[in-house]
Visitor: 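Right, I'll just put the structure down here and ask away after.
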Amino acid sequence: MDPDLLARKARTLSDRLHACDLCPRMCGADRTKGERGVCGTDDRVIVASYGPHFGEEAPLVGSSGSGTVFFSGCSLQCVFCQNYDISHRLSGEVVDTSALAGIFLAVERMGCHNLNLVTPTHVTPQIVEALGIAASRGFSLPVVYNCGGYERVEMLKELEGIVDIYMPDLKFLDPAFAARYCDAADYPEVAREAIREMARQVGPLVLDRRGIAVRGLLVRHLVMPGGASTTEEVIDFLALEIGRDTYLNLMDQYRPCGTAVGFPEIAVRVSRKEWEDARAYAVRKGLSRLDGND
Ligand code: SF4
């Protein structure tokens with residue numbers, strides 16, 4: 001990565017913080033003056049934690065772990081968020097871009113296989129600036145953009161050549177569910193467009209000889225109880241529009257976190273049968289790269 005190019009891009013992106021339009025909410029908050037949009041943050045970056053993570057997908061974890069950096073705040077604000085303290089309550093420490101660059105470099109020194117930016121959307125300008133500083137000091141890990149799938153294509157285009165691996169969620173493809181659980185009825189269409197753009201930029205997931213991901217798209221889908229995650233529609237979209245070689249992690253760990261207990265239909269864990277049915281459907285539709293089956 002060219003540090004000068006990153007620095008120039010960061011300056012352009014930072015201008016957007018004056019009337020923020022980084023995510024599809026397009027709140028217009030002047031975050032430089034302390035205003036906060038739906039994501040809950042002004043222009044300061046809050047890091048909840050960082051370091052090697054072994055709970056991510058096998059191609060990211062390898063033998064030395066994925067270098068996760070968890071950013072606090074989130075533009076999607078799902079009621080069932082599995083990281084509620086971080087996304088809604090903004091737990092963590094404020095860091096400036098120089099300190100953030102230091103974190104990126106520390107993750108590389110720890111031997112992690114990649115830099116895994118968790119919930120980066122609302123702090124993209126600061127991340128790009130920090131990547132520029134880190135690159136000038138020799139940082140060279142593949143960059144993973146680990147997001148909720150609620151992304152503007154215009155912003156993703158700004159990240160072309162910076163992000164090596166896109167890892168979006170695809171949560172549900174029904175506007176009514178998206179409105180009920182995230183107050184984002186446009187999520188299905190926005191996420192479809194975003195994943196199409198991610199696939200265009202990086203293509204299917206590519207692994208090196210050790211089985212470590214170096215580039216490409218990895219989609220996550222959390223199977224929810226009672227059909228709330230519209231899993232069959234998600235699988236159809238991936239199989240028919242993105243490609244049967246899309247790497248898909250069909251996750252079985254849904255539990256009612258956050259304020260999900262206030263929504264009876266998702267106030268329970270997903271059953272084993274629901275997840276097995278989802279997996280069987282993905283196999284029937286020809287998705288050949290299900291997590292753990294690569
Ligand atoms: S990133 Fe935050 S402030 Fe900016 S548009 Fe999205 S929700 Fe609003």
Side-chain angles (χ1 to χ4, degrees), residues 6 9-48 68-97 100 116-132 143-160 162-163 166-172 175 177-195 197-198 258-259:
L6 287 165
K9 191 172 279 279
R11 277 196 292 278
T12 312
L13 288 170
S14 294
D15 286 345
R16 293 175 178 269
L17 294 169
H18 292 284
C20 190
D21 63 354
L22 291 176
C23 85
R25 303 280 187 194
M26 297 179 70
C27 298
D30 187 348
R31 294 171 62 190
T32 66
K33 295 217 164 73
E35 291 177 16
R36 296 163 190 244
V38 174
C39 60
T41 58
D42 53 28
D43 64 349
R44 293 172 298 177
V45 175
I46 307 172
V47 171
T68 47
V69 181
F70 285 85
F71 294 99
S72 292
C74 178
S75 55
L76 209 44
Q77 300 283 310
C78 306
V79 297
F80 55 85
C81 182
Q82 311 284 293
N83 283 326
Y84 202 83
D85 272 354
I86 300 173
S87 59
H88 289 64
R89 298 205 180 104
L90 306 180
S91 63
E93 285 191 18
V94 173
V95 296
D96 62 20
T97 47
L100 188 57
N116 186 342
L117 304 165
V118 186
T119 319
T121 313
H122 57 296
V123 283
T124 304
Q126 300 94 323
I127 287 172
V128 172
E129 185 178 341
L131 280 172
V143 173
V144 183
Y145 192 87
N146 179 345
C147 67
Y150 196 51
E151 301 288 330
R152 296 184 62 203
V153 168
E154 182 182 335
M155 296 308 304
L156 292 173
K157 287 184 189 296
E158 297 283 352
L159 297 173
E160 187 161 10
I162 297 174
V163 170
Y166 281 106
M167 185 159 66
D169 295 328
L170 185 50
K171 295 174 187 289
F172 18 61
F177 288 140
R180 180 163 166 81
Y181 304 135
C182 309
D183 194 22
D186 61 345
Y187 177 88
E189 204 39 53
V190 166
R192 277 195 194 95
E193 285 297 325
I195 290 175
E197 170 62 16
M198 293 173 190
T259 56

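Every number for a ligand or one of its atoms is a count from 1 in the order of the listing.
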Visitor: Under 3.5 Å, side chain of Arg25 to main-chain N/O of Gly37, donor-acceptor pair present?
Guide: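 Not a single qualifying donor-acceptor pair exists.
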Visitor: Check ligand 1 against His122 and write out every atom of the ligand that is under 4.0 Å from a heavy-atom position of the residue.
Guide: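 Near His122, meaning under 4.0 Å from one of its heavy atoms, ligand 1 has 1 (S).
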Visitor: Backbone N or O of Tyr187 within a donor-acceptor pair of the Glu189 side chain at under 3.5 Å?
Guide: no
Visitor: If you have a sec, work out which protein heavy atom is nearest atom 6 (Fe) of ligand 1 and how many Å separate them, to one decimal?
Guide: Cys23 SG, 2.3 Å
Visitor: Decide yes or no for Asn146 and Thr119: does some side-chain heavy atom of the first lie under 4.5 Å from some side-chain heavy atom of the second?
Guide: no
Visitor: So, Thr32 and His18: side-chain donor and acceptor under 3.5 Å apart, yes or no?
Guide: yes
Visitor: Is there a donor in the side chain of Glu151 and an acceptor in the side chain of Tyr145, or the other way round, less than 3.5 Å apart?
Guide: yes
Visitor: Can you tell me the protein heavy atom closest to atom 8 (Fe) of ligand 1 and the distance?
Guide: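 The answer is Cys27 SG, 2.5 Å.
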Visitor: Could you tell me whether atom 4 (Fe) of ligand 1 has an N, O or S atom of Cys20 under 2.8 Å away?
Guide: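 It does; at least one qualifying atom falls short of 2.8 Å.
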Visitor: Please state which protein non-hydrogen atom is closest to atom 2 (Fe) of ligand 1 and give its distance, to 0.1 Å?
Guide: Cys39 SG, 2.3 Å
Visitor: Show me which atoms of ligand 1 lie under 4.0 Å from any heavy atom of Arg31.
Guide: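 In order of number, 1 (S), 3 (S), 4 (Fe).
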